[in-house]
Protein chains: 2
Amino acid sequence: MTSKHATVRDLRRTNRATVLSRLYFDGPLSRFELSGITGLSAATVSNVTAELVRERLVVEAGQVESDGGRPRVLLRVDPGYAMVAGVDIGETGVKAELFDLAMNRLAAVDLPLPSKRGNSKQAEPAAVVAQAAAGLREVLAGVDEDKVLGVGVGVPGTVEQEPVRVHAQTIGWHDVPLADLLCEAGVSVPVFVENGAKTQGQAEMWFGAGRGARHAVILLIGSGVGASVITDGTIYRGSASSAGEWGHTIIQYGGRRCRCGASGCLEAYVGGEAIVERYRAVRRGKAVAGADEQANLATLLVAAEKSKTAARVLDEAADHLGAGIANLVNLFNPERIVLGGWAGLAIGARLLPRITEAVRTQALRRPFEQLTIELGKLGPDAVAVGAATLPVAALLDQRGTR
Amino acid sequence: MTSKHATVRDLRRTNRATVLSRLYFDGPLSRFELSGITGLSAATVSNVTAELVRERLVVEAGQVESDGGRPRVLLRVDPGYAMVAGVDIGETGVKAELFDLAMNRLAAVDLPLPSKRGNSKQAEPAAVVAQAAAGLREVLAGVDEDKVLGVGVGVPGTVEQEPVRVHAQTIGWHDVPLADLLCEAGVSVPVFVENGAKTQGQAEMWFGAGRGARHAVILLIGSGVGASVITDGTIYRGSASSAGEWGHTIIQYGGRRCRCGASGCLEAYVGGEAIVERYRAVRRGKAVAGADEQANLATLLVAAEKSKTAARVLDEAADHLGAGIANLVNLFNPERIVLGGWAGLAIGARLLPRITEAVRTQALRRPFEQLTIELGKLGPDAVAVGAATLPVAALLDQRGTR
DNA sequence: CGCCTAAATTCAAGATGTGAACGAAAGGGC
DNA sequence: GCCCTTTCGTTCACATCTTGAATTTAGGCG
């Protein structure tokens with residue numbers, strides 16, 4: 001309803017949440033600094049922090065002398081207060097990781113998915129759920145469940161919330177109640193599910209190349225292509241959480257067929273799978289036979305040093321990517337664009353200047369000037385890290401609402 | 001800074017603002033109904049409305065008997081409390097209108113701009129400012145200025161706020177301090193400036209085809225192409241207010257040259273000017289000589305009844321428009337898309353089914369199913385109406401902050 | 001005229017943020 | 001060693017706000 005505040009108690013919740021968030025993101029801070037940053041009076045900060053300390057969520061962390069006067073006592077969120085798990089469901093495998101509140105990795109496990117290449121559907125929900133539950137059991141082995149805030153899951157498809165329903169047109173998932181399925185498979189901590197591009201985006205925003213930006217777009221270029229749009233600090237979801245499907249925007253009307261059914265989608269030009277495919281087609285089968293796309297793309301990148309054909313394929317991909325990014329620039333006017341995903345990172349490492357130049361020529365001048373384009377800092381684990389931030393996010397803005 | 005509430009006084013402001021907004025948008029309401037809608041207690045509603053009535057912003061508006069008990073007294077914002085002006089700066093003319101608070105049109109005037117077709121720049125800022133000021137003088141003649149809340153101006157370019165700077169790549173405006181210029185030209189009421197597509201969008205959201213939607217995109221297809229993206233009820237501006245430049249997104253990589261300098265922009269395929277141009281090219285000069293684009297497009301639409309060539313040009317435009325809309329659907333996942341602008345309304349009246357079908361085949365299935373596509377309800381005056389809503393919007397959320 | 005119902009207002013209670021006063025913890029000068 | 005200064009943190013009286021309950025108001029109906 002009028003979700004905003006009405007009662008004087010909501011005020012307290014809001015203030016608790018902002019203090020807690022500030023402490024979480026801006027590291028150890030003294031009460032004095034908190035007062036300046038949050039705009040709250042010193043009295044209120046004292047009040048709120050006392051509560052948080054009493055609940056053991058926040059702990060003292062040393063002192064800082066302040067020329068002459070009483071030293072400031074630093075406060076920070078206790079990393080050991082709780083743990084969170086993150087699961088990255090990819091098209092070929094499942095990754096499960098365990099973190100403390102400060103996102104230090106405590107455990108990790110990688111499980112393959114049965115590849116039924118013969119079968120049209122790549123991964124049955126049941127098989128995926130089984131592997132995810134197995135992975136979680138492994139990283140949570142010997143851990144007190146009361147200490148686990150929850151588990152976040154990043155999936156390659158759009159996720160509707162309340163109730164959680166996963167749709168992934170490209171791998172044949174429709175209306176999959178993933179959270180419920182995981183519960184039934186024995187996962188007994190709270191489950192949060194979100195699109196993988198969005199979890200990766202949150203990870204880069206919180207800890208990676210997106211830090212400090214209020215408007216940004218984090219790109220996920222793997223086999224497929226996705227994006228996470230951050231508007232004024234929060235992930236944009238649209239009316240049914242499926243916003244940000246950048247990979248299936250059309251940049252070449254009537255162009256190459258895409259696995260989504262339409263023609264000329266960006267994904268058909270710049271997705272890792274598409275690029276490798278393209279190289280294969282251009283060379284008429286004379287190359288890259290292996291099944292591992294990541295290895296194939298690496299081979300292609302090396303080949304481009306000498307082969308003009310290979311270089312041309314990559315340049316073409318970079319130019320099309322530039323067009324796709326230019327569209328984002330014109331539509332969203334972000335201050336930063338971050339290139340992530342295994343294919344994005346691989347291509348970007350070598351071709352970022354060309355990509356940037358392609359954006360410059362195809363975007364409007366003004367918004368381009370207000371933009372920086374960077375590579376992701378968290379590598380391919382970002383999806384799992386971001387998934388694990390979901391329970392943390394819930395903690396940060398619910399603290400007090402419970 | 002932490003713009004959100006901190007003190008218990010801000011709470012009052014917020015509640016005043018929500019009550020006032022509710023009264024403004026949802027017409028006459030009783031205190032009892034207000035209590036239900038806003039979630040506030042009856043006591044608070046009584047309190048807040050008493051204040052608003054005392055300030056003459058809200059007045060009683062009749063009664064409604066409620067089976068048996070004390071009848072409810074209806075309250076509404078007093079349309080006569082103040083007036084607002086709206087100016088629509090187009091590429092060929094300036095429109096100025098005066099409204100009361102309920103957006104009843106009290107006066108209107110249309111002034112042409114000196115067309116320097118020979119000159120490369122279409123409209124010097126100075127000439128535009130002079131005409132706008134003249135128009136305002138005319139509609140404000142004999143009006144008590146204290147009663148005028150302010151004037152909103154819709155311009156065909158992006159508008160950076162604080163300080164106001166207008167950039168319009170297509171008509172050669174760079175860094176134009178329009179608000180200041182209007183002040184210097186003798187406009188003595190508060191001036192608000194915003195992109196025309198955005199003001200049109202706000203008008204359709206408040207009073208037209210967008211009512212009730214929280215996520216929507218309002219398209220403005222005139223000579224050029226623009227859009228206003230509404231995310232969760234508010235216009236999306238991006239980091240420097242230039243978000244929503246949909247017309248210059250690329251849908252045909254390497255395609256037709258656009259006046260913005262890039263190739264394959266949507267505007268080069270579906271803008272009113274582009275369509276007429278296209279028809280002229282296809283017929284090799286055999287047609288449409290007049291200078292008035294609107295008349296030319298009308299002619300084309302009639303010709304399409306019989307001429308296959310004309311029909312083909314229009315169908316092609318509709319299909320490309322479908323691709324452009326599909327991109328919006330995939331990126332923003334809106335619940336509604338509204339087609340506006342003189343060209344959009346003209347084409348849509350005849351081709352909406354074809355456009356919708358084109359969207360269906362090119363967008364992802366799920367977000368398409370959650371979408372409706374409609375024509376704008378306010379006609380070509382929407383830009384001016386929306387401009388006039390800017391001071392009203394300021395009133396609605398500042399009431400109490402002042 | 002009195003009774004009944006429902007809306008609107010009043011009132012006391014509970015919760016919160018704030019500024020000012022107060023207390024605490026250092027360093028520096030003598 | 002003592003006192004002063006500086007700066008951070010806490011306490012407390014106060015003003016403001018929302019709320020639920022009690023009370024008042026305004027009509028309909030018998």
Side-chain angles (χ1 to χ4, degrees), chain A residues 1-20 22-23 28-54 58-76 399-401, chain B residues 1-19 23 28-54 58-76 399-401:
Chain A
M1 183 156 303
T2 315
S3 64
K4 283 285 160 264
H5 329 279
T7 138
V8 66
R9 280 182 103 143
D10 298 317
L11 205 50
R12 184 51 165 268
R13 293 202 194 107
T14 310
N15 289 341
R16 275 183 59 132
T18 65
V19 167
L20 187 55
R22 257 349 199 243
L23 281 175
L29 289 170
S30 71
R31 293 173 174 82
F32 186 71
E33 291 167 309
L34 270 175
S35 165
I37 294 176
T38 60
L40 297 169
S41 70
T44 303
V45 170
S46 240
N47 225 332
V48 171
T49 52
E51 252 180 52
L52 294 171
V53 169
R54 202 177 318 131
V58 167
V59 293
E60 298 196 350
Q63 298 189 347
V64 166
E65 69 183 29
S66 66
D67 38 22
R70 174 175 175 176
R72 310 178 172 182
V73 177
L74 295 179
L75 299 173
R76 68 168 174 185
R399 205 61 205 173
T401 294
Chain B
M1 181 154 303
T2 316
S3 64
K4 284 289 159 259
H5 330 278
T7 139
V8 65
R9 276 182 108 145
D10 299 317
L11 206 50
R12 183 54 166 270
R13 292 201 196 109
T14 311
N15 289 341
R16 277 182 59 129
T18 64
V19 167
L23 280 175
L29 289 170
S30 71
R31 294 173 174 83
F32 186 72
E33 291 166 309
L34 269 174
S35 165
I37 294 176
T38 61
L40 296 168
S41 70
T44 303
V45 170
S46 238
N47 225 332
V48 171
T49 52
E51 250 179 56
L52 294 172
V53 169
R54 203 177 316 130
V58 166
V59 293
E60 298 196 351
Q63 297 189 348
V64 166
E65 67 183 31
S66 66
D67 38 22
R70 175 176 176 175
R72 310 176 174 183
V73 176
L74 294 179
L75 299 172
R76 68 167 174 186
R399 206 60 205 175
T401 295

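By convention in this document, chain letters (A, B, ...) are assigned in the order of the sequence lines, proteins followed by strands, and residues within each chain are numbered from 1. The figures here come from the full heavy-atom set of this structure, side chains too, leaving out hydrogens, waters and symmetry mates.
- Along DNA chain D, the stretch of nucleotides lying under 4.0 Å from any heavy atom of chain A spans, 5' to 3', D/dT6 to D/dT18.
- C/dA15 atom P lies 17 Å from atom CG of A/N15, rounded to whole Å.
- Atom CG in B/N47 sits roughly 12 Å away from atom C1' in C/dC11 (whole-Å rounding).
- Judged as a side chain to side chain donor-acceptor pair (under 3.5 Å), and not counting sequence neighbours, B/S35 has no contacts.
- When the P atom of C/dA6 is taken as reference, atom CZ of B/R72 falls 10 Å away, rounded to whole Å.
- DNA chain C is contacted by both A/R9 and A/A42; A/R9 maps to the nucleotide lying nearer its 5′ end (nearest heavy atom per residue).
- The distance between atom CG of B/L74 and atom P of C/dA6, rounded to the nearest whole Å, is 18 Å.
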- Task: Indicate for each nucleotide in nucleotides 19-30 of chain C, in 5' to 3' sequence, whether protein heavy atoms under 4.0 Å reach the base (B), only the sugar-phosphate (S), or nothing (-).
- Result: B---BBBBS---
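- Checked against B/V19 for a side-chain contact (heavy atoms from CB on, under 4.5 Å), the options B/T14, B/L34, B/T44 give a single hit: B/L34.
- Look at CG on B/L29: it is 11 Å from P on C/dA8, rounded to the nearest Å.
- The CG atom of B/L34 sits 9 Å away from the P atom of C/dA8 (whole-angstrom rounding).
- For A/E65, there are no salt bridge (Lys or Arg N to Asp or Glu O under 4.0 Å) partners, not counting sequence neighbours.
- In this structure, A/T38 and A/R22 approach most closely via the heavy-atom pair CG2-CG, 4.1 Å.
- Annotation: side chain of A/R13 is in contact with side chain of A/D10 (closest heavy-atom distance under 4.5 Å).
- Separating the CD atom of B/E51 from the P atom of C/dT10 is a distance of 13 Å, rounded to the nearest angstrom.
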- Query: Checking side-chain contact (heavy atoms from CB on, under 4.5 Å) for the pair A/T49/A/V58: CA distance, chi angles, key distance, verdict?
  - Reply: CA-CA 8 Å; A/T49 52; A/V58 167; 5.9 Å; no
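- A/E60 is linked by a salt bridge (Lys or Arg N to Asp or Glu O under 4.0 Å) to nothing, counting only residues two or more places apart in sequence or in another chain.
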- Dump the intermediate steps for side-chain contact (heavy atoms from CB on, under 4.5 Å) on B/R12 and B/V48, then the final yes or no. CA-CA 8 Å; B/R12 183 54 166 270; B/V48 171; 3.7 Å; yes
Below 3.5 Å, can you tabulate the donor-acceptor pairs from side chains in residues 69-76 of chain B to any protein atom, sequence neighbours excluded?
none

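- Residue B/V45 is out of contact with every strand shown, counting any heavy-atom pair closer than 4.0 Å.
- Following rounding to the nearest Å, B/D10 (CG) and C/dT16 (C1') show an atom-to-atom distance of 12 Å.
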